[in-house]
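Proteins come first, then strands; the chains are lettered A, B, ... in the order of their sequence lines, and each starts at number 1.
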Amino acid sequence: MSEAWQRLVRSRHGALGLILLFPVVLAVLAGPLLAPHNADAISFAARLHPPSARFWLGTDEFGRDILSRILVGARASVAVAVTATLLGTISGGLLGTLSAYLGGMADEAIMRTIDAMMAIPALLLALLVLSSLGKGMFDASLAIAIAFAPGMARITRSVALATRQQDYVNAAIARGESAGWIVLREMGPNVIAPLVVESTIRVAFAVMLVATLGFLGLGAQPPAPDWGLMIAEARQYLHQAPWMIVAPGAAIALTAVGFNLLGDGLRDALNPRVG
Amino acid sequence: MSAVLEIENYSLDYATAAGNLHVLDQVSLAIAPGEVLGLVGESGSGKSSLAAAIMRLLPTNAREQGGAIRLGGENLRSLDQPRLRAIRGRRIAMVFQDPATSLNPTLPLGRQLSEVMECHLGLARGPARTEALALLRRVEITDPEAIFHRFPHEVSGGEKQRVVIATALACHPELVLLDEPTTALDVLTGARILDLLSRLRTEFSMSGLYISHDLSLVSRFADRVAVIRRGRIVEEQPAPTIFRAPLEPYTRQLADAVPRPERRLVTDAAGENELLGLTGLSVRHGRPVLLPNRVKIAVEAVSFAIREREIFGMIGESGSGKSSLARALAGILPFRGEVRFVGRSIARPAEMDRAYRRAVQIVFQNPDSSLNPRHRVAQILARPLRLFGATPAEIPRLLEDVHLPASHARRFPHELSGGEKQRVAIARAFAARPRLLICDEITASLDVSVQSRVIELLLALRRTHGTAYLFITHDLNLLRQIAHRVAVMYRGRLVDLQYTAALGGTDVHAYTRDLITASPAPVSG
Amino acid sequence: MSLLWLMRRLLLIAYTMIVVSVVVFAITEALPADAATMILGQNATPAALAALRARLGLDAPVWLQYWRWVWPALHGNFGISMRTNLPVAPAMLAALSRSLMLAAAAILLMLLIAVPLGLAAALGRSGPIDLIAGLVSYLGVSLPEFVTATMLLILFADRLGWLPATGYVSPARHLVDGVRHLVLPVVTVALVMVAHVVRMLRSETIDVMASDYIRAAHLKGLPPRVVLFRHALRNALLPVITVVALDVGYVLGGIIVVEQIFAIPGIGRALIVAIQSRDLPSIQAGALMMAGTYAVVNLLSDIAYALLDKRIRYE
């Protein structure tokens, strides 16, 4: 593990991703402590202040400090994205493994159904689920997880099948190893590495989806300091106060770019054949 | 008479992160008109880099360290790109190792042939096509009109290589580079391509550089042979002499490593008792998904018996079912029919119990795939040791048995060379102290000298442990050196089974005879 | 490509539509908050709910409800909108056609940008264009459509005033004005795809240029132009077809947001309106049409691939 970490830090993409994600992680862990102002404090005297020494990123229509709101909002945005990706990866991963394991007609049926599911755009599926479940952060992560599961199942299955073809697995079968040992010890590490890469990149996509749902009014509800919601609320002040849009937009982009880079870095770092 | 190609004191480095790597060191060679020079070397010897240097298509990290490469007196190193283009394909042409990858998959074969003549001879499309058809006939393609319009995936490997050869000869070049032109082909196809090249050599009065790892093959085709090792030419002699009377120790080592049927490496006899027998064994691939006709028969009703301590050789082309058979016997693929092990009958892989799986071990062709890339050598060896009642304390002894230092236990497979990886795979198999070892083309991806050391190792292990081998290969000469009996597979069926000594006799199958003809014994001395 | 293969693909589309319809039906009707609650809200009286359920046929078994919805839908009848009281199908189809125009324009623009950029990045590897392409591809996949769209609005509509902010004018009626209204939405939708295609095309081109047959083509003495256009381009571009077809999923998702922001009366905006007003028939029709579009586009791409790549023999 430490070798992989060293390779990650040394790879250009991985290092850059880690640097970009550092402030994000800091905000997730200690956002409320770092915030210079109370994120919810309304002050009509300080309405629509442009960025200044007092309000680094300006204020919104209620005079709330945007930097503080972004710092406080990081935890929910990233937490929902990570939870959703984990849920989607685990459920999709189990389904894909099951499909690869069963093989034959069952595999065919599962994969064709998954292909069919993928005909519904992820955002639309999330919207439909949310419209039934109700609005809220947990519902949002469930909706995104459901939208992610088919794709993860498909990837898991193809990686598992490719690994299954390797002769070290055949050697284990020839030795008479139990199915559990083969799956956990021989195939496991080789299947999980590409899945880690894929889910890291999907966290970026999930961050964007969470923000989009917030923007469309189906995720976090006011007055929560959600990044997508902040942009939605700021649109009426697009002319007077563009900083209200730029700052949360940059926060979303920073997080997403960070996870995308980290994923690419992991792809190299977790490849055992590159020394 | 002046040389067609003259290489003088040519040196080449590759710039790498770890500093400059010397690839070619003061290489000097000359090829006279009508002459074919053989260039023999193992992987990493620099022979491919020399070909790239002649064609002026070096990788970007190549650093030329001086010397000259002259074609008809003109130094290729001093030419600019447009002038080089006028030479490539026109005055020097190349035949590549693998026709499956050197032909563009999305262009018709005829187009890939005629475009050279359009480019260099200024022919219009129509005349180029006529010329191309004539060339296809000269490389002995039976239906040129049909091949002309086909795509690479629609024709056989031999036909593809014939098209590549026709393309190389299209503009009657002064020099042809032949880069292992038969290595990627099946034995019989390769032999036919080599015959064709011999005929075309005279017809086109070809001068050539024949690059290969196979000293015996080159010494039959070339007039003179140069041996290259670590970027240096170590010896250069007329072809018949170099094989019979090599001067340099390295050349002698190469010559000795070439399998020769008359030099038996195994003298003891096999045991009397049957160890493993099969009756009517069949293996089918693919599973019926909606349409049942997708099932392919890989092995059809094969019966034979391997005796104790026997080296049972098996030969066949790719796709003949020999690997499927090996995998069925190792309990990896399901089969139909009966397997008997020391008298006990086994009808399904599920009946292959721990005792059977311990006694029958398999080593695969490709060690990159057969060793888990995320496990260290120690982990790879410890598992079968524990599983079959030994302890990991035996790892150093196992490594010693396969002539690897004990410190290799801490390494990952990607930190080992190809030969070392295959030794680890052999050690893993011997961890179970097997009675039968299935060797599925285990030396196919290794250099000859590495191959001969792996064979020596296997024979030494057999002397110590009394193991029997099912030795699968496409190299008949190798089998004739080590096997007690040879089984011949063809399209999933066992067509012949002979005592090795009887292979030269009259009572062999026609296909076996073809194989024998296609694998001539090296010029012996 | 055989008839059998085509039949199989058409069967798969039918299966896709069945799965999608079941999923959409299940989500919209069978989940705890049922249609009646969705329409009347959480505070409705049980009596009112029961009455509405009876009227909508919600007291029937689930499979019968599904059948009552899907059978007319097969005949193009998706019911009456709960919001407008007009038939759903014609309105949704009109919206879909506007969305398809937007999507087609975005794909066209994407190809015009991504293909040269991806090729140039691969050929000038590690050079300045490659750096730009890398930047574009990371930003493209990291900026949600609503951020891109809003940023473009601030810059081109608000600050520079070059383009109209929102609204839709049919290009068929007023060409110039229609196109001006479409520029920002089209650019927004194209950006994500540019990122995907540039990335894929770059790595594909690098692989192709390093392949044996390209080396062989160089060694035949062919001019670089011929090597690139006759030998490399087709093999590098083929996979783009598949990526673009798969990206249609992203595009349709992106269109929902973009149409909402730019107030374009397409299927995405119709879906948002339907979801907000709990207009079940419209939600169902819109979702089915989107999935159907995706399935058809992917079939078309497979056919195109089969026609262009002679290697693939479809069983």
**Q** Which region of Ile231(A), side chain (C-beta onward) or backbone (N, CA, C, O), has a non-hydrogen atom less than 4.5 Å from a non-hydrogen atom of chain C, or is it both or neither?
**A** side chain

**Q** Whether the side chain of Ser142(C) engages the backbone of Leu139(C) through a donor-acceptor N/O pair (distance < 3.5 Å, no angle test) should be reported.
**A** no

**Q** Name, in order of residue number, those residues of residues 8-24 of chain A that have a heavy atom at a distance of less than 4.5 Å from a heavy atom in chain C; otherwise write 'none'.
**A** His13(A)

**Q** Using heavy-atom distances under 4.5 Å, tell me whether Phe259(A) contacts chain C through its side chain, its backbone, both, or neither.
**A** neither

**Q** Quick check on Arg235(A) against chain C: is it the side chain, the backbone, both or neither that has a heavy atom closer than 4.5 Å?
**A** side chain

**Q** Mind checking whether Arg154(A) and Asp115(A) have side chains closer than 4.5 Å, heavy atoms only?
**A** yes

**Q** I'd like to know which of Thr255(A), Val246(A), Leu254(A), Leu209(A) tops the heavy-atom pair count under 4.5 Å against chain C.
**A** Val246(A)

**Q** Using the test side chain to side chain contact (heavy atoms under 4.5 Å, CB included), find all partners of Met290(C) that sit at least two apart in sequence or belong to another chain.
**A** Pro121(A), Leu124(A), Leu252(C), Ile256(C), Ile267(C), Leu271(C)

**Q** Examine the side chains of Tyr66(C) and Ser21(C) and answer whether a donor and an acceptor come within less than 3.5 Å of each other.
**A** yes

**Q** Drop me the distance from Ile27(C)'s CD1 to Ile120(A)'s CD1, to the nearest 0.5 angstrom.
**A** 6.5 Å

**Q** Taking the six-membered ring of Phe262(C), is the NZ or CZ of Arg269(C) close enough (under 6.0 Å from the centre) and on axis enough (within 45°)?
**A** no

**Q** Please classify the contact between Ala211(A) and chain C as side chain, backbone, both or neither, with a heavy-atom cut-off of under 4.5 Å.
**A** both

**Q** Looking at Val19(C), Val248(C), Thr293(C), which makes the most heavy-atom pairs under 4.5 Å with chain A?
**A** Val19(C)

**Q** Tell me, do Thr83(A) and Leu142(A) make a side-chain contact under 4.5 Å, heavy atoms counted?
**A** no

**Q** Would you say the side chains of Glu259(C) and Ser99(C) form a donor-acceptor pair under 3.5 Å?
**A** yes

**Q** Any donor-acceptor pair under 3.5 Å linking the side chain of Ser301(C) with the backbone of Asn298(C)?
**A** yes

**Q** Ala147(A) versus chain C, heavy atoms under 4.5 Å apart: side chain, backbone, both or neither?
**A** neither

**Q** Please flag which part of Ala253(A) lies under 4.5 Å from any non-hydrogen atom of chain C: side chain, backbone, both or neither.
**A** both

**Q** Counting only heavy atoms closer than 4.5 Å, note whether Leu261(A) contacts chain C via side chain, backbone, both or neither.
**A** both

